[in-house]
Amino acid sequence: MAQIIDGKLIAKNLQKNIRKQVEQYVAQGLRKPGLSVILVGNDPASQIYVRNKGRACEKAGFKSTIYRLAADIAKEDLLDLIFELNQDSAVDGILCQLPLPKHLPKQEVIEAIDPAKDVDGFHPVNSGRLFSGIESLLPCTAAGIIRMLKSIDYQFTGKKALVIGRSNIVGKPTAILLLNENCTVTIAHSKTQNLAELSRQADLLITSAGKENFITPEFTNPEQIIIDVSINRNATGKVVGDVDFAAVEPLVRAITPVPGGVGPMTIAVLLENTLVAYRNHLEKK
Ligand code: GUN
């Protein structure tokens, strides 16, 4: 039986701590941290994520504003909104939910956000700082994974980590953070050969393949820790990760559930990033 890493609980504690800090700032007469979330179009998963982010903000005592924009919004109008939010002194964090409709240039939108307000950590200034090992706003899911592992006292140094997935949102930043923690890191992707064999050798497996039942017993070893990042919907509409959980859970040392694993950590780190941006913002004035 594996240890089940309870992301929901770890995130809850983190959020409580954030809320306390916000209460202290407000008690000193300071304004609340402000997060602006932009949602373009009607992607059902994005709608749920954005709603959850808004709720978490309210609970933490932040001021959150959600901008729901039509799927056919012109690029210029979206960029105008971002520039307005960049200038707004009550806004500490700006997040534009991805994916965007096809006609909108994702990279241009990401780069329009003031790096100091980029609570997603996606702006090249922030990813460049991460790459260089300089303090920065970190991509929330990647930072959440590290937080989770630290909260179970995971000893990273010298461990073999396999990261499946090379996205800018999850795979690449997670790999860099693991490297910073002294892991020996392999990044695998759809063209990787002999993936199961590679995975069997890994002490730590981080998977964001986005494929139900992708991780089967042949990917595991008894000392392995598995972090399942994916959120897939199976044929019956149930939310599942990449791991064939029933088959794999008895065979490894520790594993995250889906839901209730990485997802809540992503939101907790978003709040933390917003609080960091808020503090930096106050100090600058
Ligand atoms: N889409 C999926 N994950 C994320 C995320 O962490 N941030 C944003 N902005 N969009 C996403």
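Both counts, for ligands and for their atoms, begin at 1 and track the order of listing. Just so it is clear, the model here is predicted, and its values are computed rather than measured.
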State if Cys140 counts as touching ligand 1 under the rule of any non-hydrogen atom under 4.0 Å.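 Cys140 does not count as a contact of ligand 1 under the 4.0 Å cut-off.
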
Can you find a non-hydrogen atom of Tyr49 under 4.0 Å from ligand 1? no

I need the nearest protein heavy-atom contact for [atom]: residue, atom name and distance, please.
{"atom": "atom 11 (C) of ligand 1", "value": "Gln97 NE2, 3.3 Å"}
{"atom": "atom 7 (N) of ligand 1", "value": "Asp120 OD1, 3.0 Å"}
{"atom": "atom 3 (N) of ligand 1", "value": "Ile169 CG2, 4.2 Å"}

Does anything in residues 49-74 pair up under salt bridge (charged side-chain N to carboxylate O under 4.0 Å, His left out), and if so which pairs, sequence neighbours excluded? none

Check Glu23 with Arg19, please: is the shortest side-chain N to carboxylate O separation under 4.0 Å?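 Salt bridge flag = yes for Glu23 with Arg19.
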
Heteroatom distance test (Leu98, ligand 1): nitrogen or oxygen, under 3.5 angstrom: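 It does: an N or O of Leu98 is found under 3.5 Å from an N or O of ligand 1.
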
Is the cationic atom of Lys159 (NZ for Lys, CZ for Arg) positioned less than 6.0 Å from the six-membered ring centroid of Tyr154 and within 45 degrees of its normal?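 The answer is yes, since Lys159 meets both limits relative to Tyr154.
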
Aromatic contact between Phe219 and Phe214, with the criterion being ring centroids under 6.0 Å apart: yes or no?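 Yes - the distance between ring centres of Phe219 and Phe214 falls below the 6.0 Å cut-off.
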
Counting C-beta onward and ignoring hydrogens, is there a side-chain heavy-atom pair between Gln3 and Ile152 closer than 4.5 Å?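 Yes, side chains in contact.
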
Any chance you could measure Leu177, atom CG, to Ile145, atom CD1, to the nearest 0.5 Å?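 Reported value, rounded in 0.5 Å steps: 9.0 Å.
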
Those atoms of ligand 1 less than 4.0 Å from some heavy atom in Leu95: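 Atoms satisfying the 4.0 Å criterion: 9 (N).
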
Ligand 1 versus Cys96, non-hydrogen atoms closer than 4.0 Å: side chain, backbone, both, neither? backbone

